[in-house]
Amino acid sequence: MILDKIEKLLNEVSNLSAKNAEEIEQLRLKYLSKKGEIAQLMNDFREVPSDQKKAIGIKINELKNMAINKFNELKGNSQTANSDFDDLDLTRTAYPISLGSRHPLTIVRNSIIDIFQRMGFTLAEGPEIDDDLHVFTKLNFAADHPARDMQDTFFIETSPNDVTKNILLRSHTSNDQSRIMERQQPPIRVICPGRVYRNEAISARAHCFFHQIEGLYVDKNVSFTDLKQVLLTFARELFGPDTKIRLRPSYFPFTEPSAEMDISCHICGGKGCGFCKHTGWVEILGCGMVDPNVLEACGIDSKVYTGYAFGLGVERITNLKYQVADLRMFSENDLAFLHEFDSAN
């Protein structure tokens, strides 16, 4: 009787099949669980006569091993069939999400910072909201300088009697330099990148906020020749080894003498084109020797130390490298425009 039952189960197990993991589990419970068919055979085995126990025991073990192997086979087949879906995250959105890339201003900003850091400059950053003392007064801006006017600067709070209470959005990153000089004695060699704000009408050529990188070097015996060499190295690193520079006399309140620097147009090679207005030159930055009044206002002895400073607009440099005609494109998050710079990352 028990042998017939074993033979029947052997035949059933050998022909088992399942479509999914749920069916496999149901079959496993039917045959191999503590209350399954094979466990029931073990209970019946107690009633078997002693002279038959050996033969029947061998058959039960054969059935059990066959069942285990069969379920392992079914399980393996099921995993292979569903292997393409094992790593599927069902919580993800249905549409593909492409990886982002760096903004063109970030690409150029990082390139500029890297060049100056390789020349020994360290990175320094300061507040975008500052007081008149650090933005203007310590940088030798006269009390009636146009930059202090509401037409140029965004003032948040004003006090006619105390410039430290005139709170404003900085119009240049030079405030970082004044703060560094008042808390640190030379040698000082820093670059100060950041966002600045000016009360200007937004157009293709101007915006009310943009980005600058300014540099400062103060030490003993610093000369204009040092400044020229640093700027020439910078221009050739950024625009190519054949780039030429020229310095034209200019005026800035915090430097004396002051100059504006042009580079040879990298589009026409200095021959003259529409981009450089047929001059062969393109202006990229302002620079000069730090005015002694600025050093003294920041607690540095101008009889012992000299220094130079320079400042450039990141948008301006980005325009030169990539010929972006409209400054507003940098802040409008147009994906089609931003994807044009994927290869530059």
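All of these numbers come straight from a predicted model, not from anything done at the bench. For the numbers below, each heavy atom of this structure counts, side chains included, while hydrogens, waters and symmetry mates do not.
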R246 side chain vs D262 backbone, donor-acceptor pair below 3.5 Å
no
Does the pair D219/R189 count as a salt bridge with the N-to-O cut at 4.0 Å?
no
Stepwise, does the side-chain hydrogen bond (donor to acceptor under 3.5 Å, both in side chains) test hold for Y197 with E128?
CA-CA 9 Å; Y197 306 84; E128 294 184 10; 2.5 Å; yes
Just so I know, are the side chains of S264 and T243 near enough to count as touching, which here means a heavy-atom distance under 4.5 Å?
yes
Has N175 got a side-chain atom pairing as donor or acceptor with G126's backbone, closer than 3.5 angstrom?
no
Distance-only, no hydrogens or angles: does the H207 side chain make a donor-acceptor pair with backbone N or O of R328 under 3.5 Å?
no
What do the steps show when you test L312 against I112 for side chain to side chain contact (heavy atoms under 4.5 Å, CB included), and what is the final call?
CA-CA 10 Å; L312 53 92; I112 295 171; 3.8 Å; yes
Nearest-0.5 Å distance that lies between atom CG in D130 and atom OG in S178
7.0 Å
For the student: nearest non-hydrogen atoms of I263 and M261, plus distance
CG2-CE, 4.1 Å
Inter-residue atom distance I191.CD1 - I213.CD1, 0.5 Å rounding:
6.0 Å
Do other residues, nucleotides or ligands put more than 12 heavy atoms under 6.0 Å from N221 CG?
no
Given R118 and E237, is the side chain to side chain contact (heavy atoms under 4.5 Å, CB included) satisfied, shown in steps?
CA-CA 11 Å; R118 284 189 276 117; E237 286 283 329; 3.4 Å; yes
4.5 Å side-chain heavy-atom contact, Q177 and V290:
no
Same apolar cluster: F136 and Y251, side chain cutoff 4.5 Å
no
Strictly distance-based, threshold 3.5 Å: is any side-chain N or O of Q212 a donor or acceptor partner for the main-chain N or O of T173?
yes
Flag for D226-S223: side-chain donor and acceptor within less than 3.5 Å
yes
State whether the side chain of E256 and the backbone N or O of P292 hold a donor-acceptor pair below 3.5 Å, judged by distance alone.
no
For residues F337 and V324, determine if any side-chain heavy atom of one lies less than 4.5 Å from a side-chain heavy atom of the other.
yes
Residue pair K138 / V294: nearest heavy atoms and the distance that separates them
O-CG1, 3.6 Å
So how far is it from I284 CD1 to L238 CG, rounded to the nearest 0.5 Å?
7.5 Å
Does some side-chain heavy atom of S111 sit less than 4.5 Å from a side-chain heavy atom of K321?
no
Under a 3.5 Å distance rule, please check whether S250 uses its side chain to pair with a backbone N or O of S258 as donor and acceptor.
no
How about P253 and L139: do any of their side-chain heavy atoms sit closer than 4.5 Å?
no
Measure from the side-chain N and O atoms of D114 to the backbone N and O of N110, and report whether any donor-acceptor pair falls under 3.5 Å.
no
Taking every non-hydrogen atom, the tightest pair across C287 and L247:
SG-CD2, 4.0 Å
Polar side-chain atom of E296 near backbone of S302 as donor-acceptor pair, under 3.5 Å
yes
Should the pair R109-E125 be classified as a salt bridge under the 4.0 Å nitrogen-to-oxygen rule?
yes
Heavy-atom distance under 4.5 Å between the side chains of E214 and D176, does that happen here?
no
Side chains of V282 and R316: does their closest heavy-atom pair fall under 4.5 Å?
yes
For side chain to side chain contact (heavy atoms under 4.5 Å, CB included), just list the numbers for I188 and I300, CA-CA rounded to whole Å, side-chain angles, deciding distance to a tenth of an Å, and then say yes or no.
CA-CA 11 Å; I188 299 170; I300 295 175; 4.2 Å; yes
Classify the ring geometry between F254 and F252 as parallel (under 30°), tilted (30 to 60°) or perpendicular (over 60°).
parallel
Under a 4.5 Å cut-off applied to non-hydrogen side-chain atoms, are P257 and M289 in contact?
yes
T279 (side chain) donor-acceptor with W281 (main chain) under 3.5 angstrom
yes
Polar contact flag, side-chain donor to acceptor under 3.5 angstrom, E182-H134:
yes
Please name the pair of heavy atoms, one in C208 and one in F154, separated by the smallest distance, quoted to 0.1 Å.
O-CE1, 4.0 Å
Where do F121 and I115 land on the side chain to side chain contact (heavy atoms under 4.5 Å, CB included) test, with the steps shown first?
CA-CA 9 Å; F121 288 80; I115 292 170; over 6 Å; no
Looking at F239 and I317, what are the two nearest heavy atoms and their distance?
CZ-CG2, 4.0 Å
In this structure, would I107 and L123 fall into the same cluster of hydrophobic residues linked by side-chain contacts under 4.5 Å?
yes
Inspect the surroundings of CG in L29 and state if more than 12 heavy atoms from other residues, nucleotides or ligands are less than 6.0 Å away.
yes
Given ring-ring contact (aromatic ring centres under 6.0 Å, His included), test F224 with Y308 step by step and report yes or no.
CA-CA 7 Å; F224 203 96; Y308 61 71; 8.8 Å; no
Using the ring of each side chain (for Trp, its six-membered ring), is F116 parallel, tilted or perpendicular to F310, with breaks at 30° and 60°?
parallel
